[in-house]
Amino acid sequence: MFGKKRVAVIGAGMTLFRRNLKETGKELAWEASNMALDQAGLELKDIESVVMGTAPDAFDGVHMKGEYLADGAGAWRKPYSRVFVGGGTGVFAIDAGWWHIASGQFDTCMVVAEEKMSSCYPHPAYAFTTIFDPIYSRPLGVTLIWIFALEMHRYMHVHGIKKEDIARVSVKNKRNALDHPCAQLGANITIEDVLNSEVMCWPVQRLDISPTSDGGAALILASEDVAKKITDNPVWIDGVGWCIDTTFWTNRDLYYPKYVQGAAQMAYKMAGIKNPPKEIDVAEVYDPFDYKELHHMEGLMLARKGQAPKLTAEGVTQRDGDLPINPSGGLLGVGNPIAAAGLMKCCEIFWQLRGEAGKRQVKGDPRTGLAQAWGDLMQYGSVVVMRS
Amino acid sequence: MAIEKITDTRQMLHWPGHMETDYIYTLGIACEKFFIEIKENGRILGAKCKHCNYVFVPPKLYCEKCFAKLAEWVDLGIQGVVHTFTVAHIDINGTELKDPEIYALIKFNGAEGGLVHKLGEVRPSQVRIGMKVEAVFKPQPNRKGNINDIKYFKPRE
Amino acid sequence: MSEKIKHFPGESLKGRDIREGRVPTIKHRPNVKYLWSAGVAMSRFLEGLKKGKIVGSSCKKCQRIMVPPRAFCEECFRPVDGYTNVKDTGTINTYSVSYVAGDASRIKEPILVAVIDLDGASKGMGILHLLGEIDDWKTIKFGMKVKAVWKLPEERTGTITDIKYFKPME
Ligand SMILES: [Zn+2]
Ligand SMILES: [Zn+2]
């Protein structure tokens, strides 16, 4: 349709996700992208274009870090661009890689994401306060968690959702992460552990939140012609979508993520998906907080409004359930190096659809997968739909 | 809606602020080895790519051209050549410096890239592109494993 | 991680390795200051606060009264038709109880924070502000009516904190 070229994913790589890694951001980018090349059976000279995804400069503490990371992303003397839509960056990066090839301009594109949040003191949260409007919000002493707490509370209020319904997500994802060799916070915890953890900003508690992390991830994309020469097992990018809602975040009804719905509708239309919960076999949904997995499932129309907690309680979203969500362990379990976390989700869908996810492999033979991320000042959605 | 031509924000309604964050950067795998060598042995190392026959200074963990991991280290000595230089008459805040400072890009024999550093024991009028210089290190006990372990480069007799 | 991959790069450090100097690091504090111009619409809003008024802007096309005010309607993409005062009362749309400060350090006395939908503005036009004069935060309710508590006129400087907080209306 539209005369676009079909685009395949043919290789993926990632580093460990940890609170502090010794490697510089460049070195993390290189480790991940070198592994992805290796997995695709390609060399750097085979790569025609590079897309870098990395979140606020204020984390790494290097202004214009797109340029700073370029050599580690394999961009030396190549067409290169950095994309940035906050937390949505990781999934938006693969969307951007897609248009490089779909346009017919390139046959190969390496998509790389990196974040090194450990450089920022006293805490990366402090750098986050500078994303708020300096005049309306910052004089009130705003902290990042406020907006999540306000959104979570509104979501709970509108649908009458209890904290334990939400805590199940944290329990599931941290347990899933025990099977992920790169995971920072895999653990066996209980709903009570979550409910008894430190209250940060009610209703957000310590174990509702993903950690801050260092890490890198990378994917190799190729046109159909090139992909078919290299691999018998390509994974196709069949849908991409992205969308932003009002920048006046206090003017939105926070209970429902319309920006995710907009991004999903765009991707589903392109992929010809009419009934998302039936047609999607496995999804990596953006989960920096446990409630966000539920909130985003509803925005993605994988669950009806207010129904995601019920599906979770029934075990539908477990790895052996009918609609596995975040089999990787998600941001809550694997870790949250912002842009790299989003691209990690794309890597996971790639591995799941190739049947290479090992202990994390979901049941059946998944043919259609989705990854989604959320970003900017919590009103940006990015989505990718892949098929094997 | 007219666009007002005000160039000084202080004349308008405004809000002051700053982004107060500290950064602590790890040096990474390649750079850490580079600075430990400077600190402990007063040696400047490059990293060589066998495939590209190219020596990087400062060293990298990987070759940016062919993406190979770099594991071969080359001792570049402490002598280099002024590739280009500038004379700074003002500091970072725009304040005039009593003694102008000379900053140069110094290249090393057999290596690509180079180090940006200060020149010392020389007057600005005496500096020439192509001039041979050598590193002057701080005394070993005072070295901390960063670029200032080299005090400056001075002309070679 | 694909089961085909056997080695996972990354050398993990403990926080104390860095704090106690067991690995070499470089420290830096960027020293930049900012002056943010309030611009066309926000200047009116801040001037209004000084007078004890909350200023919104109106768009005739979509019939919205917007707070905070903007110079243009982002839905209709045209200049707003004017500025109008809304009330300093409203309802709690959502709220949180914050035990965390901006630098992620912990605080004993929680900050009560809310999105407040202001009366006289279009539905859902909330602003972010603090709640006060509440002894037990468990008494806060969604939909509760609140009213702005202003600083004294001579103390106001044209900032969002000219409103000290919003308090419950009896
Ligand atoms: Zn090379
Ligand atoms: Zn309008």
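By convention in this document, chain letters (A, B, ...) are assigned in the order of the sequence lines, proteins followed by strands, and residues within each chain are numbered from 1.
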Quick test of your reading of the model: are B/D22 and C/R29 salt-bridged, counting only N-O distances below 4.0 Å?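 C/R29 and B/D22: salt-bridged.
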N-O pairing of C/K164 and C/E155 below 4.0 Å: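 Not counted as a salt bridge, because no side-chain N and carboxylate O are separated by less than 4.0 Å.
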Check each atom of B/I29 against the heavy atoms of chain C and say whether the ones under 4.5 Å are side chain, backbone, both or neither. side chain
Chain C contact via B/Y25 - which portion, at a heavy-atom distance below 4.5 Å: both
C/H129 side chain to C/I160 backbone, donor-acceptor under 3.5 Å: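 Yes.
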State whether a side-chain donor-acceptor pair under 3.5 Å links C/T161 with C/T159.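 Their side chains do contain a donor-acceptor pair, which is all the 3.5 Å distance test asks for.
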Among B/T21, B/L27, B/N146, B/I92, which has the most heavy-atom pairs under 4.5 Å with chain C?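 Top option by heavy-atom pairs under 4.5 Å: B/L27.
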Which answer fits C/I18, side chain, backbone, both or neither, if we ask what part of it has an atom under 4.5 Å from a heavy atom of chain B? side chain
